[in-house]
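Below you'll find the structure, written out as structure tokens, and then a few comments.
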Amino acid sequence: QVQLVESGGGLVQPGGSLRLSCAASGSMFSVYAMGWYRQAPGKRREVVASITSEGSTNYADSVKGRFTISRDNAKNTVYLQMNSLKPEDTAVYYCSAIGAGWGQGTQVTVSS
């Protein structure tokens, strides 16, 4: 199992930006595919973006062109840069080492 801690959530106005970070414990971080997921009230958890150990990325259609996932294996950290935020992006965002663990989540609220 991998221990994951997210940070960087908060309240932002529509059109604004946030950068989420997810710090992982352990020495095996670089071998894991990593993902960002979100869950809005009353909705199922959905994948937002993922990145393989080699750095290949995938995005949900709803965030393509606005969000960017990246990783720094030297820092055991994965990031989610979120630009042009919309109210419908409001959710709890979770980081996952795919198949190996979840973070506790960080709230993102997009509202004027």
Side-chain angles (χ1 to χ4, degrees):
Q1 284 284 56
V2 179
Q3 304 300 315
L4 302 167
V5 179
E6 301 99 334
S7 61
L11 173 64
V12 63
Q13 292 186 343
S17 298
L18 282 174
R19 188 194 197 201
L20 305 183
S21 299
C22 173
S25 65
S27 60
M28 299 296 291
F29 173 79
S30 62
V31 306
Y32 290 110
M34 300 295 296
W36 283 100
Y37 297 74
R38 67 186 180 188
Q39 188 167 18
K43 295 189 176 181
R44 297 177 64 179
R45 189 173 297 189
E46 61 176 0
V47 61
V48 174
S50 62
I51 185 167
T52 68
S53 58
E54 295 84 9
S56 296
T57 58
N58 275 291
Y59 298 92
D61 287 344
S62 59
V63 306
K64 280 181 181 177
R66 300 189 298 123
F67 290 12
T68 303
I69 188 172
S70 61
R71 65 190 299 160
D72 185 337
N73 290 336
K75 295 182 178 180
N76 278 15
T77 302
V78 62
Y79 304 98
L80 185 68
Q81 177 67 44
M82 305 186 294
N83 299 327
S84 302
L85 282 160
K86 305 175 181 180
E88 51 263 43
D89 295 317
T90 296
V92 178
Y93 283 71
Y94 298 90
C95 170
S96 175
I98 297 173
W102 289 88
Q104 82 288 351
T106 186
Q107 177 70 46
V108 172
T109 302
V110 185
S111 175
S112 55

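Residue numbers run from 1 in the order of the sequence given.
For the atom pair E6 CD and Q107 CD, the distance stands at 12.0 Å (nearest 0.5 Å). The OG atom of S21 sits 9.5 Å away from the CG atom of L80 when rounded to the nearest 0.5 Å. In this structure, S62 OG and R38 CZ are separated by 4.5 Å, a value rounded to the nearest 0.5 Å. T77 contributes atom OG1, which lies 12.5 Å from atom CG of L20 (distance to the nearest 0.5 angstrom). For the atom pair OG1 (T68) and CG (N83), the distance works out to 6.5 Å, reported to the nearest 0.5 Å.
Two different hydrophobic clusters hold I98 and I51 under the rule that ILVMFWY side chains link at heavy-atom gaps under 4.5 Å. Linking Ile, Leu, Val, Met, Phe, Trp and Tyr residues whenever their side-chain heavy atoms come within less than 4.5 Å places V63 and V108 in a single cluster.
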So V12 and S17, side chain to side chain contact (heavy atoms under 4.5 Å, CB included) or not? Walk me through it.
-> CA-CA 7 Å; V12 63; S17 298; over 6 Å; no

Side chain to side chain contact (heavy atoms under 4.5 Å, CB included) assessment of F67 paired with L85 = CA-CA 9 Å; F67 290 12; L85 282 160; 3.8 Å; yes

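The cationic group of R71 does not satisfy the cation-pi geometry with Y32, failing either the under 6.0 Å distance to the six-membered ring centre or the 45° limit from the ring axis.
For the residue pair A91 and A40, the shortest heavy atom distance occurs at CB-N, 3.8 Å. Shortest non-hydrogen contact noted between F29 and D72 is CE2-O, 4.0 Å.
Separation of the W102 and Y37 ring centroids falls under the 6.0 Å cut-off.
M82 has its side chain out of reach of R66: every pair of non-hydrogen atoms, C-beta onward, lies at least 4.5 Å apart. Counting only heavy atoms from C-beta outward, the side chains of V78 and W36 approach each other to under 4.5 Å.
Ion pairing between a basic and an acidic side chain is recognised when a charged N comes within 4.0 Å of a carboxylate O; K86 and D89 show no such pairing.
With no hydrogens or angles considered, no side-chain donor-acceptor pair links S56 and E54 at under 3.5 Å.
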